[in-house]
Amino acid sequence: DTGVSQDPRHKITKRGQNVTFRCDPISEHNRLYWYRQTLGQGPEFLTYFQNEAQLEKSRLLSDRFSAERPKGSFSTLEIQRTEQGDSAMYLCASSLGADPSTDTQYFGPGTRLTVL
Amino acid sequence: KQEVTQIPAALSVPEGENLVLNCSFTDSAIYNLQWFRQDPGKGLTSLLLIQSSQREQTSGRLNASLDKSSGRSTLYIAASQPGDSATYLCAVPPPGGSQGNLIFGKGTKLSVKP
């Protein structure tokens, strides 16, 4: 399968614990995005990378959140001191990032986080 | 600030009907508009991307149109099937920007009854 993959698919944690999610983009895709989706809402942008550089962060990304993309390949999203409000689906997407008018984003299956 | 609205929030139709889903956006300075499908508990599947210079795009039984001046897009599904049941989302990049992060509507939940 050459699509975007995410791990784990589901994560249950207790409030205050740290969690880390991984995303493997489609190979040769330069851009990688993280979104968060809560029930009944569309995905909300969190941050994105052009190769290994983190180019933009949403104000939704509090200082408890950090994302990395070492060597411009896979990416990790870490949430420290989780809160119940962090419960959501975390989606990763990737794109070629060449021509903005035709740049299609391809999404992974998501990681469902439940904070108890 | 770009806002994306999708109407209706939910739609139920009998199998075989043709249907239209609507998407509106407040700022017309967009590079493109994308339509996605999302099955319950799953990620998003890209259906169609319409460039700002295009009026419509077709893929199989799906046809998406774009009217930038009025800030509207429609997704037309012909001869609907129960397998089309899903939530359909439209999304646009920030106005005039090349950042690429997408701004989504809340989606239309479609149910096609056999």
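Here the structure is a predicted model, which means the values were calculated and not measured. Chain letters run A, B, ... following the sequence lines, proteins first, then strands; residues in each count from 1.
- Between B:S46 and A:T104, the shortest heavy-atom contact is OG-CG2, 3.5 Å.
- In terms of heavy-atom proximity, A:E56 sits nearest to B:N101 at OE1-OD1, 3.3 Å.
- Judged by distance alone, with hydrogens and angles left aside, the side-chain atoms of A:Y35 form a donor-acceptor pair with the main-chain N or O of B:L102 at under 3.5 Å.
- Both the backbone and the side chain of B:L44 come within contact range of chain A, each with at least one heavy atom under 4.5 Å from a heavy atom of that chain.
- Put simply, A:Y106 and A:F49 are part of two different groups of oily side chains (I, L, V, M, F, W, Y) that touch within less than 4.5 Å, one to the next.
- The part of B:Q34 that comes within reach of chain A is its side chain, from C-beta onward, which places non-hydrogen atoms under 4.5 angstrom from that chain.
- In this structure, the separation between CE on A:M89 and CD on B:Q38 is 6.5 Å, given to the nearest 0.5 Å.
- Contacts of B:S52 with chain A are absent, with no heavy-atom separation under 4.5 Å from either backbone or side chain.
- Linking ILVMFWY side-chain heavy atoms closer than 4.5 Å, directly or via other members, places B:I50 and B:L21 in a single hydrophobic cluster.
- Residues of residues 66-87 of chain A lying within less than 4.5 angstrom of chain B, judged on heavy atoms, are absent.
- Looking at A:L91, only its side chain comes within 4.5 Å of chain B, counting heavy atoms on both sides.
- Enclosure of atom CZ in B:R61 by more than 12 non-hydrogen atoms of other residues, nucleotides or ligands within 6.0 angstrom is indicated.
- Residue A:R64 qualifies as enclosed at atom CZ: its count of foreign heavy atoms under 6.0 Å is above 12.
- In the hydrophobic clustering of this structure, A:L61 does not group with A:Y48; members are Ile, Leu, Val, Met, Phe, Trp, Tyr whose side-chain heavy atoms approach within less than 4.5 Å, directly or through other members.
- Counting heavy atoms of neighbouring residues, nucleotides and ligands inside a 6.0 Å radius, atom CG of A:L39 does not exceed 12 of them.
- With hydrophobic clusters built from ILVMFWY side chains whose heavy atoms lie under 4.5 angstrom apart, B:L49 does not share a cluster with B:L47.
- Taking CZ of A:R9 as the start and NZ of B:K42 as the end, the distance is 7.0 Å to the nearest 0.5 Å.
- In the hydrophobic cluster analysis, where Ile, Leu, Val, Met, Phe, Trp and Tyr join through side-chain heavy atoms closer than 4.5 angstrom, B:L48 is grouped together with B:F25.
- Taking the six-membered ring for Trp and the full ring otherwise, B:F104 and A:F45 have centroids separated by 6.0 Å or more.
- A distance of 9.0 Å separates CG of A:D99 from CG of B:N32, quoted to the nearest 0.5 Å.
- For A:L55, the CG atom sits in a packed shell: over 12 heavy atoms of surrounding residues, nucleotides or ligands are nearer than 6.0 Å.
- Within the 4.5 angstrom heavy-atom criterion, no atom of A:Q50 approaches chain B.
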